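These notes concern the structure reproduced below.
This one's a predicted model, so the numbers in the text were calculated from it and none came from an experiment. For the numbers below, each heavy atom of this structure counts, side chains included, while hydrogens, waters and symmetry mates do not.
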Amino acid sequence: QVQLVESGGGLVQYGGSLSLSCAASGRITSINSMGWYRQAPGKQRELVATISSIGRSNYADSVSGRFTITRDNGNNTAFLQMNSLKPEDTAVYYCYIRDWQIYWGQGTQVTVSS
């Protein structure tokens with residue numbers, strides 16, 4: 001059984017920073033990718049950032065230059081450092097790990113005040 005536990009999230013003001021983490025446990029193939037999607041009410045789900053087990057990362061244009069994703073391959077834990085936050089970053093952030101299939105975390109609320 002694969003489980004993902006997300007930590008972080010919360011309320012910050014415009015321009016602030018926040019860090020998320022996502023720890024995966026269970027039987028996961030060593031070749032995989034991890035990342036976050038986010039979902040705001042009434043908006044399309046958006047892929048925020050991904051990182052592969054060889055360290056290749058990709059970012060949505062809306063967060064490029066502000067967010068940084070890293071990972072610890074030893075324990076399948078990913079980290080998302082979010083800087084210069086904007087109100088439009090407000091959403092529920094869902095982490096995932098994908099090998100032969102995708103597994104999801106429980107989600108964490110990020111709210112940026114204007």
Side-chain angles (χ1 to χ4, degrees):
Q1 182 177 343
V2 176
Q3 298 182 96
L4 284 79
V5 178
E6 294 188 60
S7 300
L11 174 64
V12 298
Q13 65 181 4
Y14 180 87
S17 297
L18 200 61
S19 182
L20 307 181
S21 66
C22 177
S25 62
R27 193 177 182 89
I28 297 292
T29 302
S30 61
I31 302 174
N32 60 67
S33 63
M34 299 186 71
W36 274 267
Y37 281 82
R38 66 186 181 188
Q39 181 78 60
K43 296 184 179 180
Q44 186 177 356
R45 186 179 67 173
E46 178 184 29
L47 179 62
V48 178
T50 64
I51 185 166
S52 73
S53 52
I54 62 171
R56 182 178 180 180
S57 60
N58 287 281
Y59 300 90
D61 288 342
S62 58
V63 308
S64 181
R66 299 186 298 119
F67 291 12
T68 302
I69 187 168
T70 58
R71 65 178 291 165
D72 179 349
N73 288 341
N75 57 8
N76 286 322
T77 301
F79 307 90
L80 186 66
Q81 179 65 46
M82 304 183 292
N83 298 324
S84 301
L85 284 162
K86 306 173 181 179
E88 50 263 46
D89 295 317
T90 296
V92 178
Y93 285 67
Y94 297 92
C95 74
Y96 72 88
I97 187 166
R98 177 180 59 81
D99 52 9
W100 301 112
Q101 60 181 273
I102 190 167
Y103 305 91
W104 295 95
Q106 79 279 9
T108 186
Q109 177 71 47
V110 172
T111 302
V112 184
S113 64
S114 59

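- Nearest heavy atom pair, residue V92 against residue G107, reads CG1-CA, 4.0 Å.
- Side-chain contact between T108 and Q106 is absent, with no heavy-atom pair separated by less than 4.5 Å.
- To the nearest 0.5 Å, atom CZ of residue R56 and atom CG of residue N58 are 6.0 Å apart.
- With rounding to the nearest 0.5 Å, the separation of CZ in R38 from OG1 in T90 is 9.0 Å.
- For L18 against G10, the heavy-atom pair with the smallest separation is CD2-N, 3.8 Å.
- By the neighbour-count criterion of 12 heavy atoms within 6.0 Å, atom CZ of R98 is sparsely surrounded, having that number or fewer from other residues, nucleotides or ligands.
- Looking at heavy atoms from C-beta onward, Q109 lies out of side-chain contact with L11 at the 4.5 angstrom threshold.
- Under the 4.5 Å side-chain contact rule for hydrophobic residues, Y94 and V112 do not share a cluster.
- Here the side chains of L20 and V110 are in contact, with some heavy-atom distance below 4.5 Å.
- Here the straight-line distance linking atom OG of S114 with atom NZ of K86 works out to 14.0 Å at 0.5 Å rounding.
- With contacts defined as side-chain heavy-atom distances shorter than 4.5 Å, the pair M34/I28 does not qualify.
- Nearest heavy atoms, Y59 versus V63: CB-CG2, 4.1 Å.
- When side chains are defined from C-beta on, S62 does not count as touching E88, because their heavy atoms never get closer than 4.5 Å.
- Connection of V48 to I102 is not established within any shared hydrophobic cluster, with ILVMFWY side chains joined at heavy-atom distances below 4.5 Å, either directly or through further cluster members.
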Name every donor-acceptor pair, under 3.5 Å, that has one atom in a side chain of residues 78-85 and the other anywhere in the protein, sequence neighbours excluded.
residue: Q81; atom: NE2; partner: N83; partner atom: OD1; Å: 3.0
residue: N83; atom: OD1; partner: S17; partner atom: OG; Å: 2.9

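- Distance check: Q101 CD to N32 CG gives 12.5 Å after rounding to the nearest 0.5 Å.
- Applying the ring-ring contact (aromatic ring centres under 6.0 Å, His included) test to pairs two or more places apart or on separate chains, those with a residue in residues 16-55 are Y37-Y96, Y37-W104.
- Atom OG of S53 and atom CD1 of I97 lie 9.0 Å apart (nearest 0.5 Å).
- Interatomic distance, I69 CD1 to C22 SG, rounded to the nearest 0.5 Å: 9.0 Å.
- Summarising the geometry of P87 relative to Y14, their closest heavy-atom pair is CD-CD1, 3.3 Å, with the distance given to 0.1 Å.
- More than 12 heavy atoms of other residues, nucleotides or ligands lie within 6.0 Å of CD in Q39, so this atom counts as buried by the packing criterion.
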